[in-house]
There are 2 protein chains.
Amino acid sequence: MKDLLELRSDILKALAQPTRIKILDFLRDGERCVCEIFPAIGEEQSNTSRHLNMMMDAGVLSRRKEGLKIYYTIKHPEILQVVDLVNLIVEEEITGRHKLLKAV
Amino acid sequence: MKDLLELRSDILKALAQPTRIKILDFLRDGERCVCEIFPAIGEEQSNTSRHLNMMMDAGVLSRRKEGLKIYYTIKHPEILQVVDLVNLIVEEEITGRHKLLKAV
DNA sequence: GGAATATATGAGTCTATAAGCATATAGTCA
DNA sequence: TGACTATATGCTTATAGACTCATATATTCC
């Protein structure tokens, strides 16, 4: 049985990888099937599938089956809030560094 | 030069590890030196030092020197917001699973 | 049932990460 | 200067992660 610390790090791990961030960015607009996702992000089908399943296990995505296709969605709205906050931090880091460079 | 995608995943990576989450939980109340942090979280001094430096590089922590001691702080308030959101998601996941279990 | 399509998985490789132990570096104070 | 304390780093080992290629498992439609 996983403890809270593990559950927390599993969710963060599921967000902490470039390919998975590309997937999340693409899923912003709503649910998409694997066949739409992997060409959009420019990764192999098998690799994309693994990342999607990994994010499912962590509780970050949910999926819905429709015929042959499987549609993935971002499960919790808080996931997108996290992504947005991280984008904000990155901006602050970049402008922060810039200031330092100008100051020297 | 790192691109935005890397900067974003670096920040998330810096949060996505149990030992580092313990450090962040401990730094909630304000700045602490390494000598306070590693006994509090129950990790080795060298291991703790590495994690702290890793989080510094990612832009998650900042540090201040005072004599022999080095005090670390959480650099951006958004970091704590991210941690809180993740805690919320974990709660939702747990109660969500519970509901499902009860429903079966 | 057989062809075609969508998704998942097995096996292998390569790289990254975490941790421990020992040691180096740097600052303080007598 | 030398002893002492706080922090960082070199080296090693163990484990996990990401990726690719090939193949398996559905599901649909003829």
Side-chain angles (χ1 to χ4, degrees), chain A residues 2-3 5-27 31-75, chain B residues 2-3 5-27 31-75:
Chain A
K2 294 208 175 194
D3 61 358
L5 200 57
E6 259 181 301
L7 293 173
R8 293 162 78 194
S9 64
D10 282 353
I11 288 177
L12 283 161
K13 250 177 230 162
L15 312 178
Q17 205 273 345
T19 303
R20 293 196 287 272
I21 293 179
K22 285 194 283 179
I23 292 174
L24 292 170
D25 283 343
F26 185 64
L27 290 181
E31 66 171 16
R32 301 279 179 207
C33 66
V34 187
C35 60
E36 293 171 305
I37 299 169
F38 81 86
I41 64 170
E43 295 289 333
E44 280 220 346
Q45 181 271 322
S46 66
N47 192 30
T48 306
S49 172
R50 263 181 246 272
H51 283 297
L52 290 167
N53 277 294
M54 189 272 204
M55 287 194 274
M56 268 295 296
D57 291 345
V60 165
L61 300 181
S62 50
R63 80 180 139 209
R64 182 178 68 84
K65 209 170 182 173
E66 190 178 308
L68 268 180
K69 299 185 180 177
I70 296 183
Y71 289 89
Y72 284 89
T73 335
I74 294 175
K75 187 168 179 187
Chain B
K2 295 209 175 192
D3 61 357
L5 200 58
E6 259 181 300
L7 292 173
R8 292 161 78 194
S9 65
D10 282 353
I11 287 177
L12 283 160
K13 248 178 232 161
L15 312 177
Q17 205 273 347
T19 303
R20 292 195 288 270
I21 293 179
K22 285 194 282 179
I23 292 175
L24 292 170
D25 283 343
F26 186 64
L27 290 181
E31 63 170 17
R32 301 278 179 206
C33 65
V34 187
C35 60
E36 292 171 305
I37 298 169
F38 81 85
I41 64 172
E43 295 288 334
E44 278 222 346
Q45 181 270 321
S46 66
N47 192 31
T48 305
S49 171
R50 264 182 246 271
H51 283 298
L52 289 168
N53 277 294
M54 188 272 205
M55 288 194 272
M56 268 295 296
D57 291 346
V60 165
L61 301 181
S62 51
R63 80 181 139 209
R64 181 176 69 82
K65 209 169 183 176
E66 191 178 308
L68 267 181
K69 299 186 181 176
I70 296 184
Y71 289 89
Y72 284 88
T73 335
I74 295 174
K75 187 169 176 186

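Below, chains carry the letters A, B, ... as their sequence lines are ordered, and counting in each starts from 1.
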Can you tell me how far CG of D57(A) sits from CD1 of I11(A), rounded to the nearest 0.5 angstrom?
12.0 Å
Interface residues of residues 9-16 of chain B with DNA chain D (non-hydrogen, below 4.0 angstrom):
none
Value rounded to 0.5 Å, distance of OG1 in T73(A) from CZ in R63(A):
11.0 Å
Any side-chain N or O of Q17(B) under 4.0 Å from OP1/OP2 of dA19(C)?
yes
Within the pair H51(B) and dT17(C), is there a side-chain N or O less than 4.0 Å away from OP1 or OP2?
no
Nucleotide nearest K69(B) (side chain, heavy atoms from C-beta), chosen from dA6(D), dT7(C), dA18(D)
dA6(D)
Among H51(B), M55(B), K22(B), which one satisfies side chain to side chain contact (heavy atoms under 4.5 Å, CB included) with Q17(B)?
H51(B)
Tell me every residue that passes side-chain hydrogen bond (donor to acceptor under 3.5 Å, both in side chains) with K13(A), counting only those two or more places apart in sequence or in another chain.
none
In numerical order, the residues of residues 39-50 of chain A whose heavy atoms come under 4.0 Å of DNA chain D are E44(A), S46(A), N47(A), R50(A)
Using a cut-off of 4.0 Å on non-hydrogen atoms, how would the nucleic acid contact of Y72(B) be classed: base, sugar-phosphate, or nothing?
sugar-phosphate
Just to verify, what does E6(A) make a side-chain hydrogen bond (donor to acceptor under 3.5 Å, both in side chains) with, not counting sequence neighbours?
none
Y71(A) OH to dT7(C) C1': how many Å, rounded?
13 Å
For R8(B), the side-chain hydrogen bond (donor to acceptor under 3.5 Å, both in side chains) test, sequence neighbours excluded, returns D25(A), N87(A)
Starting from P on dA6(D), measure out to CG on L52(B) and report it in whole angstrom.
15 Å
Rounded to whole Å, CE of M56(A) lies from P of dT9(C) at a distance of 11 Å
At under 4.0 Å, does any side-chain N or O of R32(B) touch on OP1 or OP2 of dT7(D)?
no
Only one of V60(B), N53(B), I23(B) passes side chain to side chain contact (heavy atoms under 4.5 Å, CB included) with Y72(B), and that residue is N53(B)
Could you tell me the separation between the CD1 atom of I70(B) and the P atom of dT5(D), rounded to a whole number of Å?
18 Å
For I23(B) and dA18(C), what is the distance between atoms CD1 and C1' respectively, to the nearest whole Å?
12 Å
Using atom CZ of F38(A) as one end and atom P of dC21(D) as the other, report the distance to the nearest whole Å.
13 Å
Which pair of non-hydrogen atoms, one from E36(A) and one from Y71(A), has the smallest distance, and what is that distance?
OE1-CE2, 4.2 Å
Can you name the closest pair of heavy atoms from I74(A) and L24(A) and give their distance?
CD1-O, 3.8 Å
Round to the nearest Å and state the distance from N53(B) atom CG to dA6(D) atom P.
17 Å
Pairwise side-chain contact, I37(A) with L27(A), heavy-atom cut-off 4.5 Å (strictly under)
yes
Using atom names, set out every protein N or O paired with an N or O of nucleotides 24-28 of chain C below 3.5 Å, distance rounded to 0.1 Å.
unit_1  : atom_1 : unit_2 : atom_2 : d
dG27(C) : OP1    : K65(B) : NZ     : 3.1

Quick one: pull up OG1 in T19(B) and CG in N47(B) and give me the separation to the nearest 0.5 Å.
6.0 Å
In whole angstroms, the gap separating P of dT17(C) from CD1 of I21(B) amounts to 16 Å
Quick one: CG on L7(A) to NZ on K2(A), what's the gap to the nearest 0.5 Å?
7.0 Å
